[in-house]
Amino acid sequence: MKIDNNLNSFISNIKKTLKNSSRGFLHIPDLNGNEKKYLSDCIDSGYVSSIGPFVEKFEDDLARYTKSKYVVAVCNGTSALHLALKISGVKKNDEVLTPSLNFVAASNAIMYLNAVPHFIESEINTLNIDTKKLRNYLKKITFSKDGFSYNSKTKRKIKALVVLHAYGIPADMENLKKISKEFNLELIEDAAEAIGSHLKGKHLGTLSNVGILSFNGNKLITTGGGGALLLKNKKQAALAKHLSTTAKKPHQWRFFHDTLGFNYRMPNVNAALGCAQLERIDSFKEKKLRIHNNYLKYFKDSEFGEIVHSNKDVNFWINNFRLFDEYIHLKEKLLIKTNEIGLQTRPIWDLIESLPHFSKMPKMRNQVAQKIYSSVISLPSSTN
């Protein structure tokens, strides 16, 4: 009864605070800079598709901001992941390690190549890969042959490791690099949520040979729909750009495609939006940090749970609230009651291994990932 009374009081106070404002959204974009001007310029030019000056400008601006040597802009984060896996040499029947606690895009991209996602465990504090458990697991289930690691049970090569930086919080890249070297794995950073986040002064997505970003409408900056590859290797960058433009060889009028390609290039109209958004990313980060600190202050002495926190240079894209063990059973009730009053709370992703088309894939005993799913609620974090 005490818990119910406290919850009802908490919800009532939120309702009074919100009134008719739009502050209850999980994340909506702020489009009050040069977005309309650049979009108008783009429309006036007639170049609204995958050819136009804003695409190259956005790539150049991203390269400067992230300090990535090469950037290839594409139509969404999933296509970026698909290309990242392909140019990293992932082939049919290869296994690719990826967190079970993740958005479905990475696992879908692995399946696009007829490869096999292999789901791995997360740790409770950062929501990212548990490196200690992963190393111990790989030592137990792999054998080495011809310089590669193979799954002892399935006999398939374990080719790559896709590292998620969950909600813009850095994964343990130091140990993940060591693991990838020890087991000869291609390391790919899924920094879809991490634009503006850094680790030891380096932008997430640039700590390996290949990383990706996403600019969906709910990200810190948006191009409407869009993504990008961050690359160190010139040949890989050229290949990614070539494949993203249907593998068409440049020519004044011929349509000659030298291999299987993909229609993944970012349209100029989307890039125009991105150029305007990137101009304002520092102000977005300042607002996100202020929101995060307000949540930390508000929930400091909460009996129900705590804010997932990081003391790193991160973007605080979405704030997450983790219920204490004794209150995990309240998760659905909180989601229902807060959404009833216009507070757009959301659960964290369903574990990928729980989805029907991934249920038979190899996996660790992802008990902590399951606990995270059961206890974490995403909170409204819009910059307004």
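Of the possible donor and acceptor atoms, one in the side chain of Ser244 sits under 3.5 Å from a partner among the backbone N and O of Lys241. When atom types are taken as modelled, the side chain of Thr222 and the backbone of Lys219 share no donor-acceptor pair closer than 3.5 angstrom. Between the side chain of Ser208 and the main chain of Val210, a donor-acceptor pair closer than 3.5 Å is present. Although no hydrogens or angles enter the test, the distance criterion places a donor-acceptor pair under 3.5 Å between the side chain of Glu193 and the main chain of Tyr167. No donor-acceptor pair closer than 3.5 Å links the side chain of Asn209 to the backbone N or O of Lys232. Of the possible polar contacts, none joining the Asn339 side chain to the Ile336 backbone as a donor-acceptor pair under 3.5 Å is found. Judged purely by atom type and a 3.5 angstrom limit, Asn76 has no side-chain atom pairing as donor or acceptor with the backbone of Gly225. Remark: side-chain polar atoms of Glu35 are not paired, donor with acceptor, to backbone N or O of Leu273 under 3.5 angstrom. With hydrogens and angles disregarded, a donor-acceptor distance shorter than 3.5 Å links the side chain of Ser382 to the backbone of Ile28. Between the side chain of Glu189 and the main chain of Leu204, no donor-acceptor pair closer than 3.5 Å is present.
Between Leu62 and Leu278, the shortest heavy-atom contact is N-CD2, 3.8 Å. Between Asn315 and Ile195, the closest heavy-atom pair is ND2-O, 2.9 Å. Taking both residues in full, the closest heavy atoms of Pro170 and Val314 are given as CD-CG1, 3.4 Å, listed atom of the first, atom of the second, then distance.
Between His309 and Phe316, the angle of the ring planes stays under 30°, which puts this pair in the parallel group of the 30/60° scheme. Note: Tyr327 and His329 have tilted aromatic rings, judged against thresholds of 30 and 60 degrees for the angle between ring planes.
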### Task
Take Arg64 and Asp60 through the test salt bridge (Lys or Arg N to Asp or Glu O under 4.0 Å) and record every step on the way to the result.
CA-CA 6 Å; Arg64 278 192 294 272; Asp60 291 342; 5.4 Å; no

### Query
Under the ring-ring contact (aromatic ring centres under 6.0 Å, His included) criterion, do Phe324 and Phe304 qualify, and how do the steps go?
CA-CA 6 Å; Phe324 294 138; Phe304 298 112; 9.0 Å; no

### Task
Check the pair Tyr65 / Phe58 against ring-ring contact (aromatic ring centres under 6.0 Å, His included), numbers first and verdict last.
CA-CA 10 Å; Tyr65 181 77; Phe58 185 53; over 10 Å; no

### Message
Go through it in stages, so that I can follow the logic: the residues are Lys288 and His27, the test is side chain to side chain donor-acceptor pair (under 3.5 Å), and I'd like the CA-CA distance, side-chain angles, deciding distance and then a yes or no.
### Response
CA-CA 11 Å; Lys288 290 285 190 179; His27 178 92; 2.8 Å; yes

### Task
For the pair Phe262 and His82, evaluate ring-ring contact (aromatic ring centres under 6.0 Å, His included) and give the outcome as yes or no after the intermediate values.
CA-CA 10 Å; Phe262 309 95; His82 183 201; 4.7 Å; yes

### Query
Which is it for Glu279 and Asn34 under the side chain to side chain donor-acceptor pair (under 3.5 Å) test, yes or no, and what are the steps along the way?
CA-CA 9 Å; Glu279 291 174 352; Asn34 284 319; 2.9 Å; yes

#### Entry: Candidate pair Asn366 and Ser122, rule side chain to side chain donor-acceptor pair (under 3.5 Å), full reasoning
CA-CA 7 Å; Asn366 298 315; Ser122 302; over 6 Å; no

### Task
Could you go through the salt bridge (Lys or Arg N to Asp or Glu O under 4.0 Å) check for Glu59 and Arg265 one step at a time?
CA-CA 12 Å; Glu59 288 175 332; Arg265 188 74 168 146; 2.5 Å; yes

### Query
What's the verdict on side chain to side chain donor-acceptor pair (under 3.5 Å) for Arg280 and Asn32, showing C-alpha distance, side-chain angles and the deciding distance?
CA-CA 10 Å; Arg280 304 168 63 217; Asn32 295 309; over 6 Å; no

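Within the 4.5 Å cutoff, the side chain of Asn102 has heavy atoms near those of the Thr98 side chain. Contact of the Ile377 side chain with the Ile348 side chain is not registered, since no non-hydrogen atoms from C-beta on lie closer than 4.5 Å. With contacts defined as side-chain heavy-atom distances shorter than 4.5 Å, the pair Met173/His165 qualifies. Put simply, the side chain of Val308 reaches to within 4.5 Å of the side chain of Ile169, judged on heavy atoms. Annotation: side chain of Lys234 is in contact with side chain of Tyr70 (closest heavy-atom distance under 4.5 Å).
One finds no salt bridge joining Lys363 and Glu121 here, because no Lys/Arg side-chain nitrogen approaches an Asp/Glu carboxylate oxygen to under 4.0 Å. One finds a salt bridge joining Lys57 and Asp61 here, because a Lys/Arg side-chain nitrogen approaches an Asp/Glu carboxylate oxygen to under 4.0 Å. Under the 4.0 Å criterion applied to side-chain N and carboxylate O atoms, Lys285 and Asp282 are not assigned as salt-bridge partners. Taking 4.0 Å as the cut-off between side-chain N and carboxylate O, Asp325 and Lys371 count as a salt-bridged pair.
A side-chain donor from one of Asn320 and Ser378 sits under 3.5 Å from a side-chain acceptor of the other. At a cut-off of 3.5 Å, with distance as the only test, a side-chain donor of Thr338 or Thr345 sits close to an acceptor on the other residue. Judged by distance alone, the side chains of Gln370 and Ser374 do bring a donor and an acceptor atom under 3.5 Å apart. For the residue pair Ser381 / Asn319, a side-chain donor-acceptor distance below 3.5 Å is found, with atom types taken as modelled.
Separating the OG atom in Ser45 from the CZ atom in Phe54 is a distance of 7.5 Å, to the nearest 0.5 Å. Taken from CG in Leu199 to NZ in Lys312, the straight-line distance is 6.5 Å, to the nearest 0.5 Å. The NE2 atom of His292 lies 11.0 Å from the CG atom of Leu379; values are rounded to the nearest 0.5 Å. Residue Lys91 holds its NZ atom at 8.0 Å from NZ of Lys86, rounded to the nearest 0.5 Å.
Geometrically, Lys331 engages Tyr373 in a cation-pi contact defined by less than 6.0 Å to the ring centre and at most 45° from the axis. Judged by a 6.0 Å distance limit and a 45° cone about the ring axis, Lys159 is not positioned over the six-membered ring of Phe148.
The neighbour count for Glu182 CD, taken as heavy atoms of other residues, nucleotides or ligands under 6.0 Å away, is above 12.
For the side-chain contact (heavy atoms from CB on, under 4.5 Å) with Phe119, the qualifying choice from Pro99, Pro362, Ser107 is Ser107, the only one to do so.
Residue Tyr112 is not grouped with residue Ile110 when hydrophobic side chains (ILVMFWY) are merged at heavy-atom distances under 4.5 angstrom, including chains of intermediate members.
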